[in-house]
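Just below is one structure, and these are the notes that go with it.
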Amino acid sequence: MMTKNALGALSAFAVFAAGAAQAVELEFMVSGEDSKIAVWTELIERYKEVAPDVTINMNQVGYNVIRDQLPVQLEAGTGPDMATITSIGGLNPFYLDITPYVDAGYWEAAYGSVLPWYRAGKPDGIHGWHTEMTVTGPYVNRTLFEEAGVELPAPGASWDEWADAAADVQDNLDLYAGMVMDRSGHRFAGPAMSYGAKYFDDAGNFAVDEGFIDFAERMIDWHASGLMPPDIWPAAGGQTYANGNELFFGEEVAFYMSGSWNIGNVADTVGDAFDWSVVPVPCGPAGCGVMPGGSGLVAFAATEHPEEVAAFIDWMAQTDIAGEYYARTFQIPAHTELQQAGLDYAGAGASEAVEEGLNLFAQMVGQAAVDTPQAFRAQGDPRNTVMFNATIKYLPEVMNGDLTLDEALDNIREEIAN
């Protein structure tokens, strides 16, 4: 049932729609690799009641297309009207500033904590709605730990302690691997910060330091020992992203470093095949680091329909619609009021494991703000993609024996210096 607030929003947007001079088609690029498509489809269909002259064509593509091909399209002037993106600061030069078309006061009050990520160091501008406030973190197969007779390490346990526990599970049950981490420099960054990686030098440039090296050595050793599988980091080439979903879903690993965005997928895919849970992220000498982030729905300045695309983004960002989207897709809200009020995940079909996991992810991102504040700085820096991509481009070459660690580090330094 629609609330009075939602009806009011519909009424306001209907005024815009009634004045539309002609039918408009908007091209919307979205990742088709997650469980949110059904929600996007329903909401886009509902938007036709608000703006009947606007047709939104949803183009579902792989995540790599958005990461690698969308920037090329935008450079060539052939990009879509809007898209969901994760390179929030990096694509800033192409964004449409929707400030003239929205209530800026509402946006600042509701989303003021994340709007700067989209500005890439610029003083103002409203460029997108933050569809996901995400945080990296681990999932465990509790059934495997129980069958192996291995206790879960307590909150605050180190990465080394978790590695030892996962290795015991692997050995006791003859698993393919004990741990897996998505092949992503973003996923690597939080743990590296736990070991003291600053990610920035005194001049504000991305940098490789002893903390980065410390955790890189651990990752290399864990792959050499077989604790981590060869299928993910070593097997994929260059800057290719790869996730560990299939290994975790197939019960081939006991510990999976992923993040909050994956919780709906985990719940749907695992079902009752085994007991799983989110656990507190392992720690290091410098804290318990995770990376915040997420994705956003942005409009591009090259669009021929700025008012129409801004109106759709604004509609999605309104409290009631945003709250429904966050709850149904099991996301941590970026909306200040919704963060404070909490969301009825259970009412949207979330299991107890999902609800508890989302709450734990929210706690982890709060702790990281204290322990490793450089994570938030890195997330908002438009150059972060270069750092993250260089990490997964060269460290796997060490795992494969093609480079020494010193050579890989030199290559990373060279890329982030350019």
Side-chain angles (χ1 to χ4, degrees), residues 31 33 61-75 85-91 136 177 179-195 197-201 205-224 227-245 247 256-259 289 291 293 295 374-375 377-418:
S31 172
E33 297 178 345
V61 300
Y63 171 72
N64 285 342
V65 173
I66 293 177
R67 190 192 69 175
D68 300 329
Q69 297 181 26
L70 177 59
V72 177
Q73 293 178 16
L74 295 171
E75 285 278 6
I85 51 88
T86 55
S87 181
I88 293 170
L91 293 178
T136 57
M179 304 172 73
V180 66
M181 177 188 289
D182 291 338
R183 191 181 196 270
S184 160
H186 182 265
R187 232 67 82 240
F188 174 94
M193 292 174 187
S194 299
Y195 282 84
K198 302 298 185 186
Y199 268 72
F200 294 95
D201 60 20
N205 299 311
F206 276 104
V208 170
D209 56 19
E210 289 305 314
F212 183 99
I213 297 169
D214 197 350
F215 192 72
E217 290 174 337
R218 281 173 164 76
M219 287 284 290
I220 293 164
D221 290 344
W222 290 336
H223 281 87
L227 176 64
M228 286 188 161
D231 311 52
I232 307 301
W233 278 66
Q239 301 172 2
T240 303
Y241 166 81
N243 64 56
N245 279 338
L247 292 175
Y256 176 26
M257 184 63 177
S258 178
M291 279 296 293
S295 65
Q374 66 269 39
R377 181 182 177 187
Q379 180 58 31
D381 194 300
R383 302 164 296 171
N384 63 20
T385 300
V386 177
M387 180 67 176
F388 296 154
N389 285 349
T391 301
I392 62 171
K393 182 177 180 180
Y394 294 113
L395 291 186
E397 293 196 33
V398 182
M399 299 169 187
N400 288 326
D402 297 326
L403 292 176
T404 66
L405 179 56
D406 285 342
E407 289 170 338
L409 295 173
D410 285 343
N411 288 342
I412 293 172
R413 292 187 182 102
E414 182 178 352
E415 290 217 359
I416 61 179
N418 293 332

(message) Taking ring pair (Phe, Tyr, Trp, His ring centres under 6.0 Å) as the definition, give me every residue that meets it alongside Tyr394, ordered by chain and number, with sequence neighbours left out.
(response) none
(message) Check whether Asn205 reaches the backbone of Asp201 with its side chain - one donor and one acceptor, N or O, closer than 3.5 Å.
(response) no
(message) According to side-chain hydrogen bond (donor to acceptor under 3.5 Å, both in side chains), who are the partners of Arg187, at least two apart in sequence or on a separate chain?
(response) Asp182, Ser184
(request) Rounded to the nearest 0.5 Å, what's the gap from CG on Leu227 to CE on Met179? Could you check? (result) 6.0 Å
(message) Enumerate the side-chain hydrogen bond (donor to acceptor under 3.5 Å, both in side chains) contacts for residues 227-240, please, sequence neighbours excluded, ordered by first and then second residue.
(response) Tyr176-Asp231, Gln239-Asn389
(request) Only pairs at least two apart or in different chains count here, so list each salt bridge (charged side-chain N to carboxylate O under 4.0 Å, His left out) that has a residue in residues 209-220. (result) Asp160-Arg218, Asp214-Arg218
(request) Applying side chain to side chain contact (heavy atoms under 4.5 Å, CB included), name anything that partners Ile220, two or more places apart in sequence or on another chain. (result) Val398, Met399, Leu405
(request) Identify, with sequence neighbours excluded, every residue that meets side-chain hydrogen bond (donor to acceptor under 3.5 Å, both in side chains) alongside Ser295. (result) Thr131, Glu132
(message) Which heavy atom of Pro191 sits nearest to which heavy atom of Met257, and what is that distance?
(response) CG-CE, 4.1 Å
(request) Please list, chain by chain and in numerical order, all residues satisfying side chain to side chain contact (heavy atoms under 4.5 Å, CB included) with Glu414, sequence neighbours excluded. (result) Asn411, Asn418
(request) Sequence neighbours left out, what passes ring pair (Phe, Tyr, Trp, His ring centres under 6.0 Å) with Phe206? Give chain and number order. (result) Phe200
(message) I'd like to know if the side chain of Tyr199 and the backbone of Met193 have a donor-acceptor N/O pair within less than 3.5 Å.
(response) no
(request) Using side-chain hydrogen bond (donor to acceptor under 3.5 Å, both in side chains) as the criterion, list what pairs up with Asp381, not counting sequence neighbours. (result) Arg383
(message) If the condition is side chain to side chain contact (heavy atoms under 4.5 Å, CB included), which residues does Val65 pass it with, not counting sequence neighbours?
(response) Val61, Gln69
(request) Apply side-chain hydrogen bond (donor to acceptor under 3.5 Å, both in side chains) to Gln374 and list each qualifying residue two or more places apart in sequence or on a separate chain. (result) none
(message) Measuring only between side-chain heavy atoms, which start at C-beta, is His186 closer than 4.5 Å to Asn384?
(response) no
(request) Enumerate the residue pairs fulfilling salt bridge (charged side-chain N to carboxylate O under 4.0 Å, His left out) with a member in residues 393-405, sequence neighbours excluded, ordered by first and then second residue. (result) Lys393-Glu415
